[in-house]
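A quick note: this is a predicted structure, and the numbers were derived from the prediction, not measured. Every chain is numbered from 1 and lettered A, B, ... according to where its sequence line falls, protein lines coming before strand lines.
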Amino acid sequence: MDYQFKEIEQKWQKHWAQNQTFKAEKDSAKPKFYVLDMFPYPSGAGLHVGHPLGYIASDIFSRYKRLKGYNVLHPMGYDSFGLPAEQYAIQTGQHPALTTETNINTYRTQLDKIGFSFDWSREVRTSDPSYYKWTQWIFMQLFNSWYNLETDKAEDITTLIEKFNAAGSADVRAVCDEDVKSFLPSDWATMTDEQKQEELLKYRLTYLRESTVNWCPALGTVLANDEVKDGYSERGGHPVEQKKMMQWSMRISAYADRLLQGLNTIDWPEPVKEMQRNWIGKSVGASVRFKIDDLRLTNDKEIVNRQSSIAYHIEVFTTRVDTIFGVSYLVLAPEHELVTALTTPEQLDAVNAYIAQTKKKSELDRMADTKTVSGAFTGSYVVNPVSGERVQLWIADYVLAGYGTGAVMGVPSGDQRDWLFATHFGLPIVQILDAQKDIATQADPTKEGKYINSGFINGMNYTEATATLNAWLEEKNAGKAKVNYRMRDAIFGRQRYWGEPIPVYFKDGLPYLVKEEELPLLLPEIDKYLPTETGEPPLGRAENWSYDDQYEYELSTMPGWAGSSWYWYRYMDATNDSDFADKDAIEYWKDVDLYIGGAEHATGHLLYSRFWNKFLKDLGYVKEEEPFKKLINQGMIQGRSNFVYRVVDEEGRGTNTLVSYGLRKDYKTSALHVDVNIVENEVLNVEKFKLFRPEFANAEFILENGKYICGVEVEKMSKSKFNVVNPDVLIENYGADTLRMYEMFLGPLEQSKPWNTNGIEGVFKFLRKFWRLFHNDQWVFHVNDSVPSKAELKALHKIIKKVQDDVERFSFNTSVSSFMIAVNELTELKCKNRQVLEDLVVVLSPYAPHICEELWSLLGHEGGSLSYAEYPKFNPAYMVEDEFSYPISVNGKTRLNLNLSLALQSKEIEETVLANEDVQKYLEGKAPKKVIVVPGRIVNIVI
RNA sequence: GCUCAGAUGGUGGAACUGGUAGACACGCAGGACUUAAAAUCCUGUGACCUUAAAAGUCGUGCGGGUUCGAUUCCCGCUCUGAGUACCA
């Protein structure tokens with residue numbers, strides 16, 4: 001029988017499903033291995049060929065590890081809360097749960113056809129109440145926790161209350177809001193419950209606070225920083241503006257340093273680690289307080305009221321405290337709260353005009369326009385704490401209200417931006433290091449040399465000066481060494497319907513958790529999915545949406561990343577009803593050994609997951625500090641569009657003539673997208689094209705060499721560009737095994753590349769050759785029990801070693817090539833040997849599981865599945881050759897090859913080579929200066 | 001601007017610690033089998049020069065360097081892609 005891939009694949013997919021072949025159990029006898037894919041959002045469009053790339057790689061790895069004797073956990077599920085289903089619901093009124101269900105079924109059908117070895121008994125869906133019950137539960141744990149800097153971990157809020165009872169706020173060192181109160185134990189005791197709750201909220205790891213958020217009016221919701229790209233929403237590309245709102249936030253900043261340090265312990269691609277480092281944005285420096293001079297000019301009452309304990313000062317953050325003697329001005333962000341109070345009457349008009357101008361500029365313009373120097377003098381002065389010098393206080397939009405303290409010191413000699421500002425506004429430029437050069441023309445940020453014009457640090461170097469200043473400032477209560485992070489707390493609420501309800505209700509304006517036994521707090525049914533007329537989130541439409549029939553529930557839902565920040569633990573024990581996962585299961589599976597997914601999640605999902613993991617570890621629920629030991633980013637598969645060229649007339653109207661790619665220069669043409677599925681090797685199938693675009697049914701085709709050649713361009717894969725390649729179609733034509741191997745053959749897993757179906761025939765041909773290897777001329781299955789020849793064993797063991805090495809370093813494309821070589825060699829040798837072919841089947845099975853299972857069963861292994869076989873051992877004995885053909889180079893140029901015994905030592909090789917007649921000819925009678933012999937590699941003679 | 005990744009035939013790509021560059025596949029050209037098609041098989045295929053054949057020269061983005069020997073290591077540059085951006 002010829003290679004009947006359809007029957008074979010259906011047969012074995014059914015077999016695996018019925019026998020639950022890939023169901024993983026806790027099994028302490030075997031070492032565990034956890035292979036995880038980033039689970040998909042089930043979109044309506046279904047899978048295209050780019051989606052399964054990572055899944056195929058992880059599946060090959062999983063099957064390989066099973067053969068190697070590991071107990072492999074390889075699950076799959078769906079990140080099924082999300083915006084598209086809700087948008088669809090708004091348009092059509094269809095409940096997102098229905099859309100999601102339909103899409104999941106499509107995904108499942110498509111995934112099943114590829115023959116993955118997923119353990120579907122552990123499937124999770126983030127929108128399923130039995131799942132989001134535990135997402136809500138984790139939210140509650142976060143609400144009930146605070147971050148204790150003494151122990152450097154999260155603790156239950158009760159330990160904080162104990163501290164308040166015992167000693168008040170005095171010796172509490174916590175990551176908390178800036179406006180926490182100082183109080184004595186006696187004060188705490190006399191507070192009302194409401195006052196206590198209000199105060200505790202400032203410490204909780206998830207908290208409610210008024211903050212500036214990214215508001216997207218088109219989507220009617222707030223977005224996290226990582227969901228905004230260049231001032232537009234990542235999903236949909238709608239403009240985003242800044243807005244103050246009461247919002248749920250997660251105190252991820254508490255974990256900033258641990259998230260940074262943890263990166264050094266995990267095997268992740270360097271670019272992803274780098275992105276996370278930049279996102280966290282740690283800068284080590286100092287905060288310094290500049291006293292406001294001459295308060296008569298200001299409305300000092302206002303200052304006192306707003307900044308009770310630090311009035312009369314402006315605090316700046318700097319990474320170069322050593323340059324402080326070079327400060328010639330101070331700048332506030334235009335939004336800084338002290339600006340109004342510190343503006344003198346004379347400067348009021350200028351400052352107001354500047355603020356108005358800043359407001360008019362959109363966030364985008366402000367980011368794009370980095371060249372123009374602008375600012376306004378407030379009329380006030382501040383005093384440099386180290387020199388006592390009086391310097392001007394300005395406002396400028398290059399200072400961001402959201403970073404540091406919203407105020408910076410200007411050191412023109414050391415910072416180019418400050419230099420430009422000072423030059424533009426005629427402020428002094430003071431040299432502070434003797435090594436600074438050319439400061440009349442530009443700033444010199446060097447840290448070399450000794451300080452000059454710098455008071456008590458004159459003559460010191462950078463390290464000494466920094467230490468001295470930090471100590472001095474601290475002693476004088478004018479500042480201190482400080483570490484600043486760019487990363488902000490993560491906004492946690494979304495004004496959407498299709499997400500996890502936040503398990504909170506409000507009493508007297510303060511949030512309280514529902515009881516744990518009341519989880520899950522089910523998403524209520526509503527009639528429409530739009531915000532209410534009064535601008536409340538969709539949940540405002542729900543009837544009786546209140547706790548105890550009197551306290552209103554929170555109306556926003558959780559963001560998309562909530563459900564995906566812990567899902568790998570749910571797979572460990574997916575159906576548990578009393579815990580998010582059983583303690584023993586977590587103890588056994590521990591963490592993810594290999595995680596495969598796209599790099600686009602670098603600062604979103606992958607950071608939030610690490611955060612929640614560390615939090616769960618602090619509370620003792622999980623074992624490992626980091627969730628994903630090794631990460632591989634599969635490359636993006638781009639679309640590859642084909643074009644036909646329509647001749648246009650003088651007025652630019654399209655004619656009924658299409659010209660082939662190579663001849664289009666002779667005409668005036670316009671390019672039209674053409675469905676890539678009717679183009680093969682850039683040759684258009686004209687008949688199919690006429691069906692695809694009936695308006696060209698009678699068109700004239702100008703051909704070259706009898707063919708219509710299409711143009712090519714790389715674009716995003718999308719329906720409108722007719723460049724979507726559906727895996728189902730390829731499976732229909734070539735089978736899943738061919739698709740799997742071709743996706744791997746296309747190139748290195750981690751490299752982005754356009755999809756191109758052109759080479760798939762080669763892989764299909766290979767599988768047919770492989771199939772034929774087991775058959776005679778009449779297509780009858782035929783193997784024999786002869787003694788394998790040395791050549792056969794060599795071909796086999798070469799591929800055993802190669803595939804093993806390749807899989808371990810995730811180089812799947814090179815092993816596909818090696819399989820082709822091995823099969824060609826064995827075909828040439830007319831190998832029908834059972835022993836050799838059996839091992840070959842096992843080695844190939846992770847890549848092409850269906851055909852291998854079929855052959856395995858034809859080889860007489862009834863009932864069992866290949867998955868429980870052992871990976872064949874590589875035996876170097878078969879690889880050893882008696883002779884090696886040494887390339888002989890003279891002065892680096894290869895001249896000839898000589899067969900020499902591998903047993904020879906370097907010295908003997910040298911003697912034999914030099915004695916050779918042909919070699920002598922190339923030496924032209926000269927004596928060799930030097931002979932380099934690398935045994936088993938090369939001989940190079942230098943003359 | 002900064003950070004990271006990359007650049008190899010007509011195409012996708014290979015070359016693992018510096019050791020015969022272009023494996024493997026696609027495409028193309030020619031041939032065998034066939035009434036024909038499909039399928040299969042064989043031969044050739046980096047460029048240049050030359051030939052009956054052989055041999056030779058150049059060649060891994062560009063310019064240098066280290067080395068007996070560099071796609072691989074070092075320095076400088078160009079281009080492409082990704083991320084990030086007045087971050088003090």
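- Between B:C42 and A:Asn824, no contact under 4.0 Å exists linking OP1 or OP2 to a side-chain N or O.
- Contact annotation: A:Arg320 side-chain N/O to B:A88 OP1/OP2 distance is not under 4.0 Å.
- At the heavy-atom level, A:Pro754 lies nowhere under 4.0 Å from the strands shown.
- Of the inter-residue distances, the one linking A:Ser815 atom OG with A:Ile821 atom CD1 reads 11.0 Å to the nearest 0.5 angstrom.
- Minimum atom distance to the side chain of A:Glu274 is reached by B:U3, of the listed B:U3, B:A14, B:A88.
- Here the closest non-hydrogen pair linking A:Ala795 and A:Ala822 is O-CB, 4.5 Å.
- Closest heavy-atom contact between A:Ala286 and A:Asn470: CB-OD1, 3.4 Å.
- Taking the O4'-C1'-N9-C4 or O4'-C1'-N1-C2 dihedral as appropriate, B:G6 has a value more than 90° from 0 and is therefore anti.
- The side chain of A:Arg640 contributes no N or O atom lying less than 4.0 Å from OP1 or OP2 of B:G12.
- Residue A:Met275 contributes atom CE, which lies 12 Å from atom P of B:C4 at whole-angstrom precision.
- Along RNA chain B, the nucleotide nearest A:Tyr886 and the nucleotide nearest A:Gly281 are compared for position; the residue whose nucleotide lies closer to the 5' end is A:Tyr886.
- Listed nucleotides: B:C68, B:U40, B:C86. Nearest to the side chain of A:Lys930: B:C68.
- For A:Ile938, whose side chain is taken as the heavy atoms from C-beta onward, the closest listed nucleotide among B:U20, B:A88, B:A39 is B:U20.
- A:Arg937 CZ: 12 or fewer foreign heavy atoms inside a 6.0 Å radius.
- Across all strands shown, A:Ile932 has heavy atoms under 4.0 Å from base atoms, whether or not it also approaches the sugar-phosphate.
- Distances from the side chain of A:Pro887 to the nucleotides B:C68, B:U20, B:C26 place B:U20 closest.
- Around the CD atom of A:Glu715, the shell of radius 6.0 Å holds more than 12 heavy atoms that belong to other residues, nucleotides or ligands.
- At least one side-chain nitrogen or oxygen of A:Tyr403 sits closer than 4.0 Å to the OP1 or OP2 atom of B:A88.
- Across the P atoms, B:C86 and B:C73 are found 35 Å apart, a figure rounded to whole Å.
- Distances were taken from every side-chain heavy atom of A:Asn758 (C-beta onward) to each of B:C26, B:U40, B:A88; the shortest belongs to B:C26.
- Look at CE on A:Met744: it is 13 Å from P on B:A14, rounded to the nearest Å.
- Straight-line distance between the P atoms of B:A7 and B:U43: roughly 32 Å, to the nearest whole Å.
- If you measure from atom CG of A:Asp418 to atom P of B:C86, you get 15 Å, rounded to the nearest angstrom.
- Among A:Arg809, A:Lys802, A:Lys801, the single residue meeting the salt bridge (Lys or Arg N to Asp or Glu O under 4.0 Å) criterion with A:Asp805 is A:Lys801.
- We find that CZ of A:Phe745 is positioned 8 Å from C1' of B:G13, with the value rounded to whole Å.
- Among the duplex regions that RNA chain B forms, those built from at least three successive Watson-Crick or G-U pairs under 3.5 Å are B:1-7 with B:78-84, B:10-12 with B:24-26, B:27-32 with B:40-45, B:46-48 with B:56-58, B:61-65 with B:73-77, ordered by first number.
- Checked against the 6.0 Å centroid criterion, the rings of A:Phe425 and A:Trp394 qualify as a close aromatic pair.
- In this structure, A:Asn484 reaches neither bases nor backbone, as no heavy-atom distance under 4.0 Å exists between it and the strands shown.
- Atom CD in A:Glu682 sits about 16 Å away from atom P in B:C26, given to the nearest Å.
- Within the model, atoms CD1 of A:Ile800 and CZ of A:Phe874 stand 8.5 Å from one another, a figure rounded to the nearest 0.5 Å.
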Under 3.5 Å, sequence neighbours excluded: what are the donor-acceptor pairs made by side chains of residues 402-410 of chain A?
from     : atom 1 : to       : atom 2 : distance (Å)
A:Tyr403 : OH     : A:Ser283 : OG     : 2.9
A:Thr405 : OG1    : A:Glu315 : O      : 2.6
A:Thr405 : OG1    : A:Ala407 : O      : 3.4

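- Relative to the side chain of A:Pro271, the nucleotides B:C4, B:G13, B:A88 differ in distance, and B:C4 lies closest.
- Among the heavy atoms of the strands lying under 4.0 Å from A:Ser283 are primed sugar atoms or P, OP1, OP2 only; no base atom is included.
- Comparing atom distances between the A:Arg417 side chain and each of B:C24, B:C86, B:U84 picks out B:C86 as nearest.
- Separation of the P atoms belonging to B:U72 and B:C87 is 36 Å when rounded to the nearest angstrom.
- As rounded to the nearest Å, B:G6 and B:C74 have P atoms that lie 12 Å from one another.
- Among A:Tyr734, A:Trp755, A:Phe812, A:Tyr847, the one residue that satisfies the ring pair (Phe, Tyr, Trp, His ring centres under 6.0 Å) test with A:Tyr742 is A:Trp755.
- Against RNA chain B, the stretch residues 800-818 of chain A makes heavy-atom approaches under 4.0 Å through A:Arg809, A:Asn813, A:Thr814, A:Ser817.
- Taking NZ of A:Lys794 as the reference point, atom CG of A:Leu826 lies at 12.5 Å (rounded to 0.5 Å).
- Rounded to an integer number of Å, the gap from CE of A:Met409 to P of B:A88 is 12 Å.
- The interatomic distance linking A:Asn940 (CG) with B:G18 (C1') rounds to 13 Å, in whole Å.
- Comparing A:Ser885 and A:Asp415, the nucleotide of RNA chain B nearest to each residue sits closer to the 5' end for A:Ser885.
- Whole-Å rounding puts the A:Lys753 NZ to B:C26 P distance at 19 Å.
- In terms of heavy atoms, A:Arg640 sits closest to A:Val676 at O-CG1, 3.1 Å.
- Rounded to a whole angstrom, the distance from the C1' atom of B:C42 to that of B:G61 is 38 Å.
- Only one option out of A:Asp418, A:Ile432, A:Asp444 pairs with A:Ser413 in a side chain to side chain contact (heavy atoms under 4.5 Å, CB included); it is A:Ile432.
- Counting any heavy atom pair closer than 4.0 Å across all strands shown, A:Lys282 reaches no nucleic acid atom.
- Contact check, A:Arg937 against B:G69: no side-chain N or O comes under 4.0 Å of OP1 or OP2.
- Distance check on atom C1': B:G44 versus B:G22 gives 16 Å, rounded to whole Å.
- Comparing the P positions of B:U40 and B:G59 gives an interatomic distance of 40 Å, to the nearest angstrom.
- Using a 4.0 Å heavy-atom criterion, one finds that A:Asn756 contacts no nucleic acid atom at all.
- Looking at heavy-atom distances under 4.0 Å, A:Gln751 makes contact with sugar-phosphate atoms alone, never a base.
- The side chain of A:Lys765 contributes an N or O atom lying less than 4.0 Å from OP1 or OP2 of B:C26.
- Comparing B:U71 with B:U8, their P atoms sit 15 Å apart, to the nearest whole Å.
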